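See structure below.
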Amino acid sequence: MSIPLALSTRQADSVVVLDFETTGLSPNLGDRTIEIGAVRLKNGQITDKFQSLMNPGIPISSFIESFTGISNEMLADAPSCKEVMNGFMNFLGETDVVAHNASFDRRFLESEMSLIQREYRGEFICSMLTARRVYQDAPNHRLGTLVAYKNISNEGVFHRALADAEMTALLWLGMLAEIKDEYGFDGISVELVRKLSRTPKKKVDKFLTKQSVKRE
DNA sequence: TGCCAGGCCCTCTTTAGGGCCTT
């Protein structure tokens with residue numbers, strides 16, 4: 001008999017929630033990271049944070065300056081991507097990562113890792129794919145919309161890495177709590193959420209009900 | 001020369017196209 005997904009060891013409420021600000025959308029086109037923000041969750045509590053600007057060695061566009069509020073002047077005095085990313089990898093270890101539209105942050109993490117000859121061995125989990133299933137009635141699934149939709153506390157700062165990571169962490173914990181309450185899980189594993197985030201929307205209820213029963 | 005992300009997901013689908021998300 002297989003181990004129920006909900007009970008496997010890596011728990012979804014003990015992860016690092018990550019957000020990057022970058023020079024653009026694609027590391028394959030030369031874009032780099034300019035800020036990292038991360039929140040460590042342990043058993044559903046925020047226990048640590050990591051934040052730093054980083055100098056990508058290339059100027060950022062006026063669009064990105066306006067979009068993030070991060071200026072070329074601010075980055076001129078920032079430590080290098082290499083220095084910051086080495087520090088972050090020491091912070092992260094092999095802990096699983098949650099990010100909003102995780103494929104984006106994963107691409108940038110992998111790109112920056114390759115530049116410093118380091119490797120990340122954990123899993124990426126996407127809060128956006130999860131929200132599309134848990135909050136199917138939301139107007140859309142942008143981070144800012146979901147924060148307003150669920151009345152998540154915030155300081156009105158968006159598109160800065162730590163602020164976005166903190167809001168994503170609260171959104172994440174809120175989704176886990178709603179799943180637990182509605183389906184009677186004691187805990188929710190990373191594996192269960194990863195399967196949920198690939199489940200067709202119309203089958204979400206059936207999937208969670210089945211996993212909940214399996215747990216008994 | 002001109003263009004250039006990429007993965008997911010829905011539908012007027014699967015021999016495809018386009019919107020959503022991230023900066």
Side-chain angles (χ1 to χ4, degrees), chain A residues 15-39 51-75 78 81 84-85 88 96-115 120 122-150 152 154 157-172 174-175 193-207:
Chain A
V15 295
V16 166
V17 183
L18 169 66
D19 186 69
F20 281 121
E21 304 306 316
T22 69
T23 63
L25 292 173
S26 175
N28 287 339
L29 297 180
D31 287 318
R32 298 293 303 274
T33 54
I34 59 174
E35 188 183 36
I36 186 168
V39 173
Q51 185 277 332
S52 184
L53 291 171
M54 49 190 135
N55 188 337
I58 53 175
I60 60 173
S61 68
S62 56
F63 170 77
I64 293 296
E65 284 191 317
S66 169
F67 188 73
T68 63
I70 298 168
S71 66
N72 281 295
E73 191 176 19
M74 291 162 70
L75 295 179
C81 293
V84 173
M85 293 310 299
F88 176 68
D96 295 316
V97 163
V98 168
H100 204 68
N101 199 12
S103 65
F104 175 86
D105 296 279
R106 188 186 64 229
R107 283 198 300 279
F108 276 97
L109 183 71
E110 288 174 350
S111 173
E112 295 294 341
M113 288 303 92
S114 72
L115 293 173
Y120 170 59
E123 299 269 7
F124 265 83
I125 316 153
C126 183
S127 57
M128 184 189 74
L129 294 180
T130 308
R132 282 179 176 170
R133 284 153 181 83
V134 177
Y135 299 140
Q136 296 190 21
D137 294 334
N140 60 57
H141 297 87
R142 295 174 200 160
L143 179 59
T145 300
L146 292 168
V147 165
Y149 180 68
K150 299 308 294 182
I152 290 169
N154 68 89
V157 177
F158 291 89
H159 306 304
R160 287 300 300 266
L162 185 59
D164 283 4
E166 287 173 332
M167 288 185 287
T168 302
L170 295 177
L171 171 70
W172 183 248
M175 287 194 289
V193 183
R194 283 177 63 86
K195 280 210 173 185
L196 171 64
S197 70
R198 299 278 188 254
T199 300
K201 286 182 185 176
K202 290 176 181 174
K203 296 184 178 177
V204 164
D205 182 63
K206 187 178 178 183
F207 169 77

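All values derive from a computational prediction rather than experimental measurement. Quick note on labels: first sequence line is chain A, next is B, and so on, each numbered from 1.
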**OP:** Nearest whole angstrom, please: distance from the P of B:dA5 to the CG of A:Leu25.
**Re:** 9 Å
Original post:
Would A:Phe88 and A:Thr33 satisfy side-chain contact (heavy atoms from CB on, under 4.5 Å), going step by step from the backbone distance to the final call?
Top reply: CA-CA 13 Å; A:Phe88 176 68; A:Thr33 54; over 6 Å; no
Original post:
Which part of the nucleic acid, if any, lies within contact of A:Asp19, taking any heavy atom under 4.0 Å across all strands shown: a base, the sugar-phosphate backbone alone, or nothing?
Top reply: sugar-phosphate
Original post:
Would one find a side-chain N or O of A:His159 under 4.0 angstrom from OP1 or OP2 of B:dT23?
Top reply: yes
Original post:
Taking the same atom, P, in B:dC3 and in B:dC10, what whole-Å distance lies between them?
Top reply: 32 Å
Subject >> Those residues that, when tested against A:Ser127, pass side-chain hydrogen bond (donor to acceptor under 3.5 Å, both in side chains) (two or more places apart) >> reply: A:His100
Subject >> Atom-pair distance (CD on A:Glu110; P on B:dG6), nearest Å >> reply: 13 Å
**OP:** Rounded to the nearest angstrom, tell me the gap between atom CZ in A:Arg106 and atom P in B:dA5.
**Re:** 17 Å
Subject >> Side-chain N,O (A:His141) to OP1/OP2 (B:dC21) below 4.0 Å >> reply: yes
Original post:
For B:dG6, does either OP1 or OP2 sit under 4.0 Å from a side-chain N or O belonging to A:Asn28?
Top reply: yes
**OP:** Pull out every residue in residues 55-66 of chain A that has a heavy atom closer than 4.0 Å to any atom of DNA chain B, ordered by number, or say none.
**Re:** A:Phe63, A:Ile64
**OP:** Report which part of the nucleic acid A:Asp105 touches: base, sugar-phosphate, or nothing (heavy-atom distance under 4.0 Å, all strands).
**Re:** nothing
Original post:
Base, sugar-phosphate alone, or nothing: which one does A:Leu143 contact when heavy atoms must sit under 4.0 Å apart?
Top reply: sugar-phosphate
Original post:
A:Arg160 CZ to B:dT23 C1': how many Å, rounded?
Top reply: 14 Å
Original post:
What integer number of Å spans the C1' atoms of B:dG17 and B:dC12?
Top reply: 10 Å
Original post:
Considering only B:dC8, B:dT23, B:dG6, which nucleotide approaches the side chain of A:Arg198 most closely?
Top reply: B:dC8
Original post:
Does any donor atom in the side chain of A:Asp31 or A:Thr22 lie under 3.5 Å from an acceptor atom in the other side chain?
Top reply: no
Original post:
Could you state the NZ-P distance from A:Lys202 to B:dT11, rounded to the nearest angstrom?
Top reply: 6 Å
Original post:
How far, in whole Å, is B:dG18 from B:dT13 if one measures between their P atoms?
Top reply: 13 Å
Original post:
Given atom CZ of A:Arg132 and atom C1' of B:dG7, what is their separation to the nearest angstrom?
Top reply: 9 Å
Original post:
For the side chain of A:Arg107, counting heavy atoms from C-beta on, which of B:dT23, B:dC21, B:dA5 is nearest?
Top reply: B:dA5
**OP:** Side-chain contact test, heavy atoms from C-beta onward, threshold under 4.5 Å: evaluate it for A:Ser197 versus A:Ile125 and give yes or no.
**Re:** no
Original post:
Which nucleotide, B:dC8, B:dT23, B:dG6, lies nearest any side-chain atom of A:Asp164?
Top reply: B:dT23
Subject >> Nearest-Å distance once atom C1' is located in both B:dT14 and B:dC8 >> reply: 16 Å
Original post:
When the ring planes of A:Phe104 and A:Phe108 are compared, do they come out parallel, tilted or perpendicular, using 30° and 60° as the limits?
Top reply: tilted
Original post:
Can you name the closest pair of heavy atoms from A:Met54 and A:Leu75 and give their distance?
Top reply: O-CD2, 3.4 Å
**OP:** Determine whether more than 12 heavy atoms belonging to other residues, nucleotides or ligands lie under 6.0 Å from atom CZ of A:Arg142.
**Re:** no
Subject >> Whole angstrom value for the distance that separates P of B:dT11 from NZ of A:Lys201 >> reply: 9 Å
Subject >> Contact nearer the 5' end of DNA chain B, comparing A:Glu21 with A:Ser103 >> reply: A:Ser103
Original post:
Hey, does A:Gln136 have a side-chain heavy atom less than 4.5 Å from the side chain of A:Val204?
Top reply: yes
Subject >> Nearest-angstrom distance from the residue atom CE of A:Met128 to C1' of B:dT23 >> reply: 14 Å
Original post:
With rounding to whole Å, what would you report as the distance between B:dA5 and B:dT23 at their C1' atoms?
Top reply: 11 Å
